[in-house]
Engineer: 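Got a structure here, written out as structure tokens. Questions coming.
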Amino acid sequence: MTAQTIQRLLLKRFALATGTYVLGLMLVWMAYFTGYYHASFFGIWCTSVLVLFCQAALSLVFFGGYNRRFKDPSLTEFQVLVGLGWQTFLISHVESARGTFLVVYVLVLMFGLFHLRPSVFARCAFFALLGFAGVNLWDASHGRLADPGLAVIQTCALFIVFSWLCLFARFVQNSRNRMHQRRITLQAHQETLRGMMLQLEELASTDELTNLYNRRHFLRIATRELEHMDGNYTAGLALIDLDHFKRVNDIHGHAAGDRVLQMFGKIAAQCLRSDDILARYGGEEFVLLIPRCTRAQLVDCCERIRLAFTRVTLPEFPELDLSLSIGMSVIERGDLMDRALQRADQSLYRAKHQGRNRCHGAWDYADA
Ligand SMILES: Nc1nc2c(ncn2[C@@H]2O[C@H](COP(=O)(O)OP(=O)(O)OP(=O)(O)O)[C@@H](O)[C@H]2O)c(=O)[nH]1
């Protein structure tokens, strides 16, 4: 959850609390007009203004984002304590209706049930009980408590309800912790799965001998590249085939052949830019796609690869004489990959038949 989403939730919660205060005040005024709230009109008016003023000040804190500077940006404990303070103040002004207003204690504490740590919640409940008992004791000491027995029963009832709420708060907190733990475990599993997916994708797209892309992956990304091709540019395609590779295998063994294939991958990659796409097309044949490339640039690049490969030496096979042939084709916007590959293949065929160790472009024949 982002900080913004959390703040939006906190604002909603604060608005809910303010709405509850307004309803509470309406209840107090009803109690006043029905004769159950004992205060002067000025007194109840001042209390109402003060309650609304407190909420207005808190709204400045929340809507100004200052709540984020606190360790607990929801300011739940503070809000609950303020609510309990007002409730105790209300209780001290009602006598026969005191029992009716007890339910407001539960309402205020419910506000902190899901957010406060069990110990903090218990502290708030204790504060509420102390307030209620204190008001009754104060009234008793001033001879104003009409029914002391009822006050004792009410205090005991509050104690039982608060104890139950404390247990419930602990249960809620434990459930939340368990869910949090599960979410973390789930996230860790997701990370592992994502890593495994990446590994699988890499395995499925890479030729394990040369570490180059395989044919399937090349066709996928090359086709995508052609689809997004800019009409102002052409792309270069080359089919590269190692010359007399069968001989390498036959004379020096399969391991030597493998080393040569790996060497080619390394050497060719050194001659290319990072966005050029080189792949093993099959056996000792490779394919290269150079995005945004002119005919001249394609020839330059292929010649560079050809010459670099002829200079390759393997210390364990010093007598190896390596070369390769390349068939090239330029792709324009709207061209099909299959057709471009066919042109490059025909050029490669000609390069082979004209003596190998050379690069041939499809345009050489098209223009002729
Ligand atoms: N060592 C090794 N050899 C391979 C691999 N894949 C294909 N080959 C061999 O590559 C050789 C290809 O031979 P040919 O298709 O006759 O081609 P060539 O000998 O290079 O002849 P030209 O292409 O006409 O120059 C075969 O002997 C295959 O066994 C591989 O992964 N490792």
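Sequence positions, counted from 1, serve as the residue numbers for this chain. As the structure lists them, so they are numbered: ligands from 1, and atoms in each ligand from 1.
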Engineer: What residue and atom, counting heavy atoms only, is the protein's closest point to atom 17 (O) of ligand 1, and at what distance?
Structural biologist: E284 OE2, 3.3 Å
Engineer: Please list the nearest protein heavy atom to atom 22 (P) of ligand 1 with its residue and the distance rounded to 0.1 Å.
Structural biologist: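 Scanning the protein heavy atoms, the shortest distance from atom 22 (P) of ligand 1 goes to K352 NZ, 3.5 Å.
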Engineer: Determine whether the side chain, the backbone, both or neither of R280 has a heavy atom under 4.0 Å from any heavy atom of ligand 1.
Structural biologist: side chain
Engineer: Please report whether the ring centroid of F41 lies less than 6.0 Å from that of W29.
Structural biologist: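 Ring centres of F41 and W29 closer than 6.0 Å.
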Engineer: So which heavy atom in the protein is nearest atom 7 (C) of ligand 1, and how far is it from that ligand atom?
Structural biologist: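 The closest heavy atom on the protein side is G283 CA, 3.5 Å.
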Engineer: Take K246 and E284 through the salt bridge (charged side-chain N to carboxylate O under 4.0 Å, His left out) test and state the conclusion after the steps.
Structural biologist: CA-CA 9 Å; K246 189 172 178 318; E284 51 12 314; over 6 Å; no
Engineer: Check whether the ring centres of F14 and F62 lie less than 6.0 Å apart, and answer yes or no.
Structural biologist: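 Ring centres of F62 and F14 closer than 6.0 Å.
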Engineer: In Å and rounded to the nearest 0.5 Å, what is the CD to OG1 distance from Q55 to T18?
Structural biologist: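 Answer rounded to 0.5 Å: 4.0 Å.
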Engineer: Once you round to the nearest 0.5 Å, how far does CG of D300 lie from CZ of R295?
Structural biologist: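 One gets 13.5 Å once the value is rounded to the nearest 0.5 Å.
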Engineer: Under 3.5 Å, N or O to N or O, is H244 touching ligand 1 that way?
Structural biologist: yes
Engineer: How far is atom 32 (N) of ligand 1 from its nearest protein heavy atom, and which residue and atom name does that atom have?
Structural biologist: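 For this ligand atom, the closest protein heavy atom is D258 OD1, 2.7 Å.
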Engineer: Taking 4.0 angstrom as the limit and counting only heavy atoms of G257, give me the atoms of ligand 1 inside it, by number and element.
Structural biologist: 1 (N)
Engineer: Provide the number and element of each atom of ligand 1 under 4.0 Å from a heavy atom of D241.
Structural biologist: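 So the atoms of ligand 1 that pass are 23 (O).
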Engineer: Give the intermediate values and the outcome of side chain to side chain contact (heavy atoms under 4.5 Å, CB included) for residues L239 and L341.
Structural biologist: CA-CA 8 Å; L239 275 179; L341 279 167; 4.3 Å; yes
Engineer: Within the 4.0 Å heavy-atom shell around L261, which atoms of ligand 1 are there?
Structural biologist: 30 (C), 31 (O), 32 (N)
Engineer: With heavy atoms of K246 as the reference, note each atom of ligand 1 found under 4.0 Å away.
Structural biologist: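 Numbered from 1, ligand 1 contributes 13 (O), 16 (O), 18 (P), 19 (O), 20 (O), 27 (O).
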Engineer: Below 4.0 Å, non-hydrogen atoms only: which portion of L242 touches ligand 1? Side chain, backbone, both or neither.
Structural biologist: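 The answer is the backbone.
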Engineer: Side chains of W138 and S92 only: does a donor on one sit below 3.5 Å from an acceptor on the other?
Structural biologist: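 No, because no side-chain N or O of W138 sits under 3.5 Å from a partner of the opposite role on S92.
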Engineer: Which option, H252, R259, R356, owns the non-hydrogen atom nearest atom 24 (O) of ligand 1?
Structural biologist: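 Checking each option, the heavy atom nearest atom 24 (O) of ligand 1 is found in R356.
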Engineer: Is it true that a side-chain atom of T234 and a backbone atom of I331 form a donor plus acceptor pair closer than 3.5 Å?
Structural biologist: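 Here the side-chain-to-backbone pair does not exist.
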Engineer: Got I277 and I290 here, is their nearest side-chain heavy-atom distance under 4.5 Å?
Structural biologist: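 Contact flag for I277/I290 side chains = no.
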Engineer: Decide whether an N or O pair under 3.5 Å exists between F245 and ligand 1.
Structural biologist: yes
Engineer: Record the part of N249 in heavy-atom contact with ligand 1 below 4.0 Å; permitted values are side chain, backbone, both and neither.
Structural biologist: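 Within the 4.0 Å criterion, N249 contacts ligand 1 through side-chain atoms alone.
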